[in-house]
**Q** 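Sharing a structure, written as C-alpha cells. Questions coming.
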Amino acid sequence: MNAATGDAALHRLFFALWPDDATRARLAQAARQWSHRPVADDKLHMTLHFLGACSADQQACYSQAVSAVHCEAFELQLDYLGGRARSQIQWLSASHPPTALAQLVAALGEALTSCGYEAEKRRFLPHVTLSRHVRKPRIQAGLPAINWMVRDFVLVESVAVEGQVRYEVRARWPCR
Ligand code: ATP
Ligand code: MG
C-alpha cells in the first residue's frame with residue numbers, strides 16, 4: 001500500500017505507442033476496411049510492454065525507471081495485414097520495422113527489470129490490433145503504408161468499468 005496516499009488499489013498498466021490524431025484516423029479507417037467488428041478508434045495502439053496489475057508504488061518505480069531510457073524518434077510504416085488464428089486477432093504491422101523500435105522495446109524491458117518486471121521471452125512482434133475474435137485472420141503484404149511518426153511513448157491504464165474496458169494515458173515520455 002502506498003503510505004502517502006493510502007492507495008492499495010491495483011492498476012492494469014502497459015507501455016505503448018499512442019497514435020497522433022491523424023495516424024489514429026488512418027488506423028481507424030484500416031480497421032473498418034479489414035474487419036467487421038473493428039476495435040474502437042480511441043483504443044488503437046501498439047503495446048510495447050504489458051505490466052499487468054500494479055500497485056501505486058510499482059507504477060512509480062516503472063515510471064522512474066523508463067524516464068532514463070533514451071528514445072529516438074522514428075517512423076513506422078504499417079504495410080502488413082497479419083494475424084494469428086490461435087489468438088484470433090487481426091492486426092496491422094510493419095514488414096520492415098525500424099531498428100529504433102526494437103531498441104526502444106529492449107531498453108524499456110531492461111530498465112523495467114530494476115522494478116521486478118520480466119520481459120516476455122517471445123520475440124517482440126510490433127502490431128496494432130484492428131479486430132479481435134477473428135476466426136480466420138487475413139494475411140496481406142504490401143498494403144499502401146500508414147506512415148506513423150513516433151515521437152513519444154506512453155504509460156496506459158486499462159480501466160474496466162461495467163464490463164467495458166477503457167484506456168487512459170497516464171504518462172508520456174518524448175523521443176527526440
Ligand atoms: P479485454 O481483455 O477486456 O478484451 P483489452 O484486451 O482491450 O480488453 P487489456 O486486456 O487490458 O485490454 O489489454 C491492454 C493491452 O495489453 C492490449 O494491447 C493487450 O493486447 C495487451 N495485453 C493484455 N494482456 C496481455 C498479456 N498477458 N501479455 C501481453 N500483452 C497483453
Ligand atoms: Mg485483453
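One-based numbering, in listed order, for ligands and for the atoms of each. Being a predicted model, the structure only gives us computed values, none of them experimental.
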**Q** Between E157 and H11, is any side-chain donor less than 3.5 angstrom from a side-chain acceptor?
**A** yes
**Q** May I ask you to establish whether R24 and W18 are in a cation-pi arrangement, using a distance under 6.0 Å from NZ or CZ to the six-membered ring centre and at most 45° from the ring axis?
**A** yes
**Q** For Y117, give me all partners under ring pair (Phe, Tyr, Trp, His ring centres under 6.0 Å), at least two apart in sequence or on another chain.
**A** H49
**Q** Does R84 have any salt bridge (charged side-chain N to carboxylate O under 4.0 Å, His left out) partners at least two apart in sequence or in another chain, and if so, which?
**A** none
**Q** Pick out the protein N or O atoms lying less than 3.5 Å from any N or O of ligand 1, and list each pair with its distance.
**A**
residue: ligand 1; atom: 6 (O); partner: R132; partner atom: NH1; Å: 3.3
residue: ligand 1; atom: 6 (O); partner: R132; partner atom: NH2; Å: 3.3
residue: ligand 1; atom: 7 (O); partner: R132; partner atom: NH2; Å: 3.4
residue: ligand 1; atom: 7 (O); partner: Y167; partner atom: OH; Å: 2.4
residue: ligand 1; atom: 10 (O); partner: R12; partner atom: NH2; Å: 2.7
residue: ligand 1; atom: 11 (O); partner: R12; partner atom: NE; Å: 2.7
residue: ligand 1; atom: 11 (O); partner: S158; partner atom: OG; Å: 2.6
residue: ligand 1; atom: 12 (O); partner: Y167; partner atom: OH; Å: 3.4
residue: ligand 1; atom: 18 (O); partner: H45; partner atom: NE2; Å: 2.6
residue: ligand 1; atom: 18 (O); partner: T47; partner atom: OG1; Å: 2.6

**Q** Give the cluster check for V150 versus L44: same hydrophobic cluster or not, with ILVMFWY residues linked at side-chain heavy-atom distances below 4.5 Å.
**A** yes
**Q** Check disulfide (SG to SG under 2.5 Å) between C54 and all other residues, then give those that pass, not counting sequence neighbours.
**A** none
